[in-house]
Amino acid sequence: MDNFHFARFISQQSAKYGDRTEFYSRKNLTDSWTELNWIDFSNQIDVAAKALLELGVAEQKCVGQFSQNMVENLVVDFSLYSIRAVMVPVYATSSGPQLEFIVNDAEISVLFVGEQQQYDIAVEVMKNSAVLKTIIAIDKDVVLNPNINSMYFSDFIKLGIADKHEADVAELRAKASPDDLACILYTSGTTGNPKGVMLPHSCVIEAMRIHPIRLTSVTDEDTSIAFLPLSHVFERMWTYFCIYTGVKIYINLRPIEIQQTIKDVRPTLMCAVPRFWEKVYAGVQENLAGMSPFMLGVVAWAIAVGKKHNIDYLRTGKKPDFWLKFKYLFADKIIFAKVKKTIGIENANMLPTAGAKLSDDIAIFMRSIGVPIVYGYGLTESTATVSCFDYVGYQIGTVGSSMPGVEVRIGEENEIQLKGKTIFPGYYRNSEASKAAFTDDGWFKTGDAGTFKDGMISLTERIKDLFKTSNGKYIAPQEIETRLILDKYIEQVAVIGDERNFVTAIIAPAIPALEEYAAKQGLSYRTIDELILLPEVYKLIEDRIKALQAGMANYEQIKKFVLIKKGFSIETGELTNTLKIRRAVIMQKYKAQIDGMYR
């Protein structure tokens with residue numbers, strides 16, 4: 001790690017790997033993959049760095065990226081680092097006001113955009129912005145507005161082909177320091193304006209140092225898919241780690257295409273949020289529901305064998321005996337291998353999962369059938385990973401053990417607090433929030449409640465998301481929601497109960513599953529609105545909620561709920577860009593229905 005810096009590292013990797021392909025990308029599912037090798041990647045970064053200087057981008061000034069996942073995003077990243085500039089990613093799903101706030105707060109003069117939707121939003125922001133001067137469209141099919149200072153990425157690259165700034169780039173690269181600000185990642189908070197998390201290169205350098213220590217099975221023979229948005233710290237730092245390690249990377253442009261992309265690529269690595277695995281789990285359970293009693297018995301036997309082999313033995317470092325190993329190989333051949341191949345993960349080496357709470361049931365099931373989910377915990381402010389499952393000794397119900405060099409303690413209100421070289425120094429232009437984020441003795445306050453025992457972290461709840469009923473009982477809504485969305489008939493849940501005398505919920509049901517149920521039961525309805533109002537449907541959901549909440553305290557259980565036809569979305573403001581519930585927005589939007597449940 002001596003003298004390691006991403007301003008200089010790509011040229012070193014280029015010298016090591018030469019014309020070996022590093023990136024694969026495509027615009028449409030029907031297109032063949034376009035390859036980019038290490039030499040061309042390094043050369044494009046050099047040219048883009050000169051083009052940025054030609055546009056007047058100065059040291060430690062911010063450049064924005066408002067785009068879906070594209071290989072050009074990474075070219076821009078490392079070209080910015082090459083000239084000591086600052087990268088500011090913006091979620092491709094962001095609205096005009098969200099983009100406008102970030103552009104003005106970070107004083108972004110140059111903005112790269114992905115496709116037409118992002119370009120059009122950026123144009124409207126530019127009309128009212130005193131700072132945004134240039135928009136660069138990556139997709140060549142974007143229709144440019146002739147009245148706006150904008151260009152295509154290909155034309156931007158032409159600005160750097162000449163040798164005019166070659167000496168300048170070399171000088172800036174040599175000057176690049178760990179203290180330089182690398183990027184500002186704006187958190188899509190559940191309330192108020194986002195806060196700009198400042199990550200200096202020192203944080204990124206430390207993240208690259210500690211991950212190979214923990215993730216020893218990752219090598220340059222692996223293949224990963226960049227599936228989550230690169231604007232998400234989890235995907236960005238994972239992709240950087242893959243670049244650092246020499247892992248081949250397939251860029252998935254549209255999240256909705258991931259199921260097909262996985263089958264096309266058959267990756268060994270891919271990070272995802274728990275929601276992805278919840279959908280996989282629901283799909284498997286749906287297939288099981290159609291099996292004969294005999295086959296259900298076979299599957300139950302196989303899963304029990306898998307649990308004993310993978311969790312009771314391998315997890316604890318014990319070697320399975322011959323008979324258990326034989327049974328597991330048989331179960332894998334007749335059941336597990338087929339499930340994994342259907343999904344496209346039969347080659348999986350490691351599948352990091354973080355960003356929200358993962359159900360223990362899902363973790364146990366996936367591990368039992370041989371899917372190597374590595375559950376972890378991290379924040380934007382900690383440069384992603386704080387903890388994750390070890391290869392051996394991980395405990396279900398935790399988010400794994402802390403990473404090397406990351407200190408953990410439990411503070412007031414059971415808050416998880418952190419120290420280490422991956423912890424950010426503060427929020428951009430927000431001294432008040434920066435001060436509030438740290439204790440007087442310098443520990444970062446995560447806002448997450450939990451425990452830290454035997455080196456392992458267990459999460460209980462977001463402290464600010466806890467609410468108290470009028471009876472004085474504290475409720476952790478995410479714990480309830482995580483249970484309920486495992487059900488095939490429930491797509492989304494928002495639990496309500498703050499300062500109320502009992503718990504209720506707004507539920508977006510899985511409409512196709514309800515339609516199938518109604519057909520089997522011979523229920524009559526004309527529209528989806530009528531379907532979700534049927535007493536039989538309400539009773540179905542009510543019974544399933546009761547079953548899912550078995551064992552929970554009476555005051556935690558949902559007493560009433562309302563079914564809605566359309567689920568929560570980013571576009572309507574009910575979800576953040578990272579798919580977290582904006583409870584305040586939902587409570588305002590469904591105020592009449594909520595009040596009705598408490599009359």
Side-chain angles (χ1 to χ4, degrees), residues 190-191 274-275 278-279 281-282 285 356-362 460-462 464-514 517 528-570 572-576 579-599:
T190 55
T191 58
R275 186 64 182 142
E278 288 163 3
K279 287 182 175 291
Y281 181 78
Q285 297 302 312
K357 186 172 178 60
L358 177 70
S359 162
D360 291 347
D361 291 341
I362 292 178
T460 52
E461 190 55 85
R462 284 291 297 173
K464 291 182 179 178
D465 209 21
L466 287 171
F467 56 70
K468 188 164 67 172
T469 67
S470 58
N471 299 317
K473 301 291 188 181
Y474 281 98
I475 304 293
Q478 290 181 10
E479 182 69 31
I480 302 170
E481 290 159 358
T482 301
R483 285 196 182 203
L484 266 56
I485 57 177
L486 294 179
D487 191 86
K488 63 178 283 190
Y489 293 107
I490 299 175
E491 185 71 22
Q492 294 170 316
V493 185
V495 169
I496 312 295
D498 194 29
E499 298 183 356
R500 305 279 194 168
N501 60 339
F502 57 88
V503 178
T504 62
I506 302 293
I507 296 176
I511 300 299
L514 281 189
Y517 173 80
I528 300 301
D529 292 290
E530 290 184 3
L531 172 64
I532 62 176
L533 289 175
L534 290 174
E536 294 89 346
V537 168
Y538 190 95
K539 183 67 166 57
L540 168 72
I541 302 296
E542 184 178 47
D543 289 344
R544 298 184 81 87
I545 288 174
K546 285 179 180 177
L548 290 163
Q549 291 194 301
M552 294 181 68
N554 183 62
Y555 64 82
E556 294 177 298
Q557 296 183 13
I558 293 169
K559 301 298 189 291
K560 294 182 181 180
F561 59 89
V562 169
L563 298 178
I564 57 174
K565 177 173 67 172
K566 189 175 180 181
F568 313 133
S569 71
I570 296 169
T572 54
E574 298 140 330
L575 300 178
T576 69
L579 304 181
K580 294 182 177 69
I581 285 176
R582 283 195 166 109
R583 212 171 300 277
V585 174
I586 292 170
M587 288 176 68
Q588 181 62 37
K589 182 172 181 178
Y590 297 100
K591 186 177 185 302
Q593 293 94 322
I594 293 169
D595 289 345
M597 289 189 284
Y598 289 100
R599 287 196 188 106

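For reference, positions follow the sequence shown, starting with 1. As a basis for the values below, the full set of heavy atoms in this structure was taken, side chains included, without hydrogen atoms, waters or symmetry mates.
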Q | Spacing of CD1 belonging to Ile586 relative to CZ belonging to Phe568, to within rounding of 0.5 Å | A | 4.0 Å
Q) What pair of heavy atoms forms the shortest contact from Leu531 to Val537, and how long is it? A) O-CG2, 3.4 Å
Q: Apply side chain to side chain contact (heavy atoms under 4.5 Å, CB included) to Leu358 and Thr482, showing your working.
A: CA-CA 7 Å; Leu358 177 70; Thr482 301; over 6 Å; no
**Q.** Side chains of Arg483 and Asp361 in contact at under 4.5 Å (non-hydrogen atoms)
**A.** no
**Q.** Gap between atom CD of Glu479 and atom CD of Glu461 - 0.5 Å precision
**A.** 7.5 Å
Q) Does any non-hydrogen side-chain atom of Ile480 lie less than 4.5 Å from one of Gln549? A) yes
Q. Sub-3.5 Å donor-acceptor pair from the side chain of Glu278 to the main-chain atoms of Ile485, do we have one?
A. no
(Q) Just to verify, which of Lys565, Lys566, Arg275 counts as forming a salt bridge (charged side-chain N to carboxylate O under 4.0 Å, His left out) with Glu491? (A) Arg275
Q. If you look at every heavy atom in Phe502 and Met597, which pair is closest and at what distance?
A. CZ-O, 3.5 Å
Q: Walk me through it: do Leu514 and Tyr489 pass the test side chain to side chain contact (heavy atoms under 4.5 Å, CB included)?
A: CA-CA 6 Å; Leu514 281 189; Tyr489 293 107; 3.9 Å; yes
(Q) For Glu481, is there an ion pair with Arg583 - N to carboxylate O distance below 4.0 angstrom? (A) yes
Q: Hey, could you give me the CD1/CD1 distance between Ile594 and Ile496, rounded to the nearest 0.5 Å?
A: 4.0 Å
(Q) Just so I know, are the side chains of Lys546 and Gln557 near enough to count as touching, which here means a heavy-atom distance under 4.5 Å? (A) no
Q. Quick one: do Asp595 and Arg500 make a salt bridge, cutoff under 4.0 Å?
A. yes
(Q) For Ile570 versus Leu579, what's the shortest heavy-atom pair and its separation? (A) CD1-CD2, 3.9 Å
Q | Distance in Å, Leu563 CG paired with Ile490 CD1, rounded so as to fall on 0.5 Å steps | A | 8.5 Å
Q: Would you name the heavy atoms of Pro274 and Ala356 that are closest together and state the gap between them?
A: CG-O, 3.4 Å
**Q.** Heavy-atom pair of closest approach, residues Tyr590 and Glu574
**A.** OH-OE2, 3.7 Å
**Q.** Heavy-atom closest pair, residues Asn554 and Lys559
**A.** O-NZ, 2.6 Å
**Q.** Asp487 CG to Ile507 CD1 distance, which is reported to the nearest 0.5 Å
**A.** 9.5 Å
Q. Do Val493 and Ile506 come within less than 4.5 Å of each other through their side chains, counting heavy atoms only?
A. no
Q: Might you work through the side chain to side chain contact (heavy atoms under 4.5 Å, CB included) test for Ile581 and Gln492, ending with a clear yes or no?
A: CA-CA 10 Å; Ile581 285 176; Gln492 294 170 316; over 6 Å; no
Q. So how far is it from Ile541 CD1 to Ile558 CD1, rounded to the nearest 0.5 Å?
A. 11.0 Å
Q: Applying side chain to side chain contact (heavy atoms under 4.5 Å, CB included), run through Gln285 and Lys488 and close with a yes or a no.
A: CA-CA 8 Å; Gln285 297 302 312; Lys488 63 178 283 190; over 6 Å; no
